[in-house]
Amino acid sequence: MTAPPALQVRGVTVRYGDVLALDDVSLDIGRGVVCGLLGANGSGKSTLFKTIAEIVTPQSGSVRIHGLPPARARRRGLLGYVPQSEQVDWAFPVRVVDVVMMGRYGHMGPTRRPRRADHEAVAEALERTGLTALAHRQIGELSGGQRKRVFVARGIAQGADVFLLDEPFAGVDKPSEHTIVRVLRDMRDAGATLLVSTHDLAGVAGLCDEAVLLHRRVVAHGSPEQVLAPETLLRAFGLQEETA
Amino acid sequence: MTLVDWITVPFTFEFMQRALLVSVLAGTVCAVLSCWVTLIGWSLMGDAVSHAVLPGVVLSYLLGLPFAVGALVFGVGSVALIGAVNRTSRVKEDAAIGIVFTAMFALGVVVISRISSDTDLRHILFGDPLGVSDAEIVQIVALTAVALAVAALKHRDLTLYAFDPVHAHAIGLSPRRLETLLLGLLAVTVVVALQVLGIIMVVAMLIIPGATAYLLTDRFERMVLIAVAVSTAASVVGVYASFLLDVTPGGMIVLVQALAFAAAYLAAPRHGLLARRVLPRRAAARTTGDAR
């Protein structure tokens with residue numbers, strides 16, 4: 001018996017009123033894989049994330065995380081979520097270390113009082129993401145790339161196995177991007193599965209093991225070279241326009 | 001009369017001691033809640049809950065129940081009604097809030113106008129800490145203790161909810177349940193502060209201490225401490241000033257809080273107007289040698 005894939009999406013269809021956001025989307029992503037999720041604005045990338053996290057309920061289809069229904073996977077702390085920068089209140093009075101500690105809340109008792117294991121997990125996550133020296137800064141005092149790493153560190157401290165990263169390279173300068181790529185590869189090598197949404201096609205080949213091209217449905221799924229090949233893009237989007 | 005007498009004598013009167021006690025308790029519990037209220041952006045919700053308890057207070061009076069019972073029922077009920085209208089129609093949330101709380105408030109005003117005197121209405125609307133009864137003090141102390149205990153036990157979850165409800169959801173917590181808990185605390189807090197400030201001004205205590213503290217620190221724990229310090233100090237100064245000036249204590253407390261906010265708004269070390277606008281310009285002028 002083989003272990004179920006890290007992430008399994010089966011026939012997911014999501015409508016917002018009359019708007020079809022996802023149309024019969026199915027994909028399997030294996031363990032220890034970085035998968036780039038590509039697509040234009042409005043192609044359904046965010047909706048797919050929300051469906052996997054069960055923030056949006058699909059009209060049909062199902063999601064399994066390590067073979068488990070999403071609610072059980074969430075309670076086990078398997079799902080890590082790295083939000084888009086625009087969704088974070090950077091003026092909120094929390095420090096880097098406070099945010100990373102929030103990754104541990106699922107492991108704690110009802111009052112979320114951190115124990116030694118929690119402090120150690122947070123220290124290690126800060127170390128791995130290169131944020132130790134910035135641990136006591138308020139989050140708004142960080143650069144774009146450092147801000148992203150805070151939420152990656154939160155997922156590491158949580159011990160998540162499947163990470164959803166929403167546009168992790170938006171508003172990030174090149175040196176920071178290299179640091180993030182290194183951190184994400186380390187996580188992959190440690191066995192984590194990462195689904196990374198981006199519309200930066202150039203950065204995909206260097207980071208991702210595979211890529212998914214989404215346009216309300218899965219247009220292509222394969223190696224970055226296959227998915228990004230000009231004929232695939234052309235054929236995919238050409239086909240899309242004919243059917244639309 | 002010495003200076004010390006000036007300060008201590010007013011508080012030898014029993015009605016002043018009682019007013020001071022309820023004002024400080026209300027100031028404390030409201031200040032704690034105000035940190036989450038201002039960070040989430042629930043100011044209008046705070047205003048709504050405080051207005052919506054009016055019919056509950058009136059009905060409690062009619063039925064001979066403790067006023068907190070009716071107030072809690074209507075506070076929590078209005079929050080549920082706002083959520084229901086918002087979810088099941090295309091009306092936006094702020095409109096749903098505005099409709100429900102004004103309707104509840106109007107219901108209270110109409111019932112009072114039928115059964116009671118203008119004096120009672122004025123006390124409920126503007127507060128009457130000097131006339132607080134023993135039974136009311138018992139209710140206020142009990143509710144304050146409950147609210148502070150719950151806030152202390154669940155403060156990390158509530159702050160997580162305020163900061164990142166999606167993460168709360170992703171790790172298997174229920175943002176909906178945390179929201180309900182916080183709204184329940186808000187309703188309890190409004191009831192505590194009702195006697196001091198009255199329905200119309202309660203919302204000041206639910207916003208100003210948190211907003212003031214937010215300008216003074218970047219740490220949540222310190223924000224709570226500063227908010228409580230500002231709020232309780234305003235209660236003491238407000239009650240005292242109301243005695244000296246022979247004016248209403250509720251109004252004085254809010255004015256003192258507003259002054260504290262204005263001071264922080266102008267002079268907070270990092271987030272105040274002076275620090276953000278004037279000082280950087282001066283520093284820049286100095287480094288470039290520009291005398292302008």
Side-chain angles (χ1 to χ4, degrees), chain A residues 17 49-50 52-56 65 70-84 87-114 136-141 150-151 154-155 157-160 162-164 166, chain B residues 32 34-42 87 89-90 148-178 181 209-227 264 268-271 276:
Chain A
F49 275 8
K50 286 179 187 164
I52 294 168
E54 273 192 329
I55 294 162
V56 165
I65 298 165
R72 279 183 63 195
R74 290 201 310 274
R75 278 198 296 275
R76 288 197 189 178
L78 296 181
L79 187 68
Y81 178 71
V82 178
Q84 268 185 54
Q87 288 163 354
V88 177
D89 177 3
W90 296 104
F92 201 96
V94 283
R95 299 167 302 167
V96 171
V97 65
D98 301 324
V99 175
V100 178
M101 188 60 87
M102 287 175 184
R104 301 294 302 171
Y105 280 16
H107 302 274
M108 299 176 181
T111 66
R112 320 292 171 203
R113 177 186 286 277
H136 297 280
R137 296 269 185 91
Q138 193 268 333
I139 53 172
E141 296 170 16
V150 172
F151 288 89
R154 182 175 72 179
Q158 178 187 334
V162 176
F163 284 79
L164 306 178
D166 206 349
Chain B
V32 172
S34 73
C35 293
W36 291 304
V37 167
T38 51
L39 287 172
I40 298 175
W42 268 1
R87 272 194 304 279
S89 75
R90 59 185 295 181
L148 287 179
V150 172
L153 287 173
K154 298 305 281 180
H155 73 101
R156 291 190 177 91
D157 273 2
L158 294 173
T159 305
L160 167 62
Y161 168 73
F163 176 60
D164 192 350
V166 176
H167 175 67
H169 175 80
I171 60 172
L173 307 182
S174 166
R176 188 73 178 278
R177 224 175 284 164
L178 292 173
L181 177 68
T212 306
Y214 181 59
L215 293 172
L216 293 169
T217 181
D218 284 321
R219 295 269 304 271
F220 184 79
E221 292 78 8
R222 283 185 202 155
M223 182 175 166
V224 174
L225 293 177
I226 293 171
R270 293 188 58 202
H271 305 298
R276 286 163 71 117

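What you see below is based on every heavy atom in this structure, not just the backbone, and it leaves out hydrogens, waters and symmetry mates. So that the names make sense, note that chain A is the first sequence line, chain B the second, and so on, each numbered from 1.
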Contacting moiety of [X], where chain B heavy atoms sit under 4.5 Å:
X: R113(A); value: both
X: P110(A); value: both
X: L78(A); value: neither
X: Q87(A); value: neither

Below 4.5 Å, heavy-atom pairs only: which of [options] has the largest tally toward chain B?
options: R95(A), Q158(A), Q138(A); result: R95(A)
options: E141(A), M102(A), M101(A); result: M102(A)
options: A91(A), G77(A), A71(A); result: A91(A)

Just how far is it from atom [atom1] of [X] to atom [atom2] of [Y], taken to the nearest 0.5 Å?
X: Y161(B); Y: H169(B); atom1: OH; atom2: NE2; value: 13.5 Å
X: S174(B); Y: L181(B); atom1: OG; atom2: CG; value: 10.5 Å
X: I139(A); Y: F92(A); atom1: CD1; atom2: CZ; value: 8.5 Å

Considering only heavy atoms, which portion of A152(B) lies under 4.5 Å from any heavy atom of chain A: side chain, backbone, both, or neither?
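No part of it gets close to chain A.
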
Contacting region of L173(B) [heavy-atom separation from chain A under 4.5 Å]
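Side chain only.
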
Please test D98(A) against F163(B) for side-chain contact (heavy atoms from CB on, under 4.5 Å), starting from the C-alpha separation and ending with a verdict.
CA-CA 11 Å; D98(A) 301 324; F163(B) 176 60; over 6 Å; no

Please work out whether the ring planes of F151(A) and W90(A) are parallel, tilted or perpendicular, with thresholds of 30° and 60°.
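Ring orientation of F151(A) relative to W90(A): perpendicular.
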
Is it the case that atom CZ in R76(A) sees more than 12 heavy atoms from other parts of the structure closer than 6.0 Å?
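Counting neighbours around CZ of R76(A), 12 or fewer heavy atoms of other residues, nucleotides or ligands fall under 6.0 Å, so no.
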
Taking every non-hydrogen atom, the tightest pair across A168(B) and L160(B):
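Reported closest heavy-atom pair: CB-CD2, 3.8 Å.
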
Counting heavy-atom pairs under 4.5 Å with chain A, which one of I171(B), V166(B), D218(B) comes out on top?
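Answer, by heavy-atom pair count under 4.5 Å with chain A: D218(B).
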
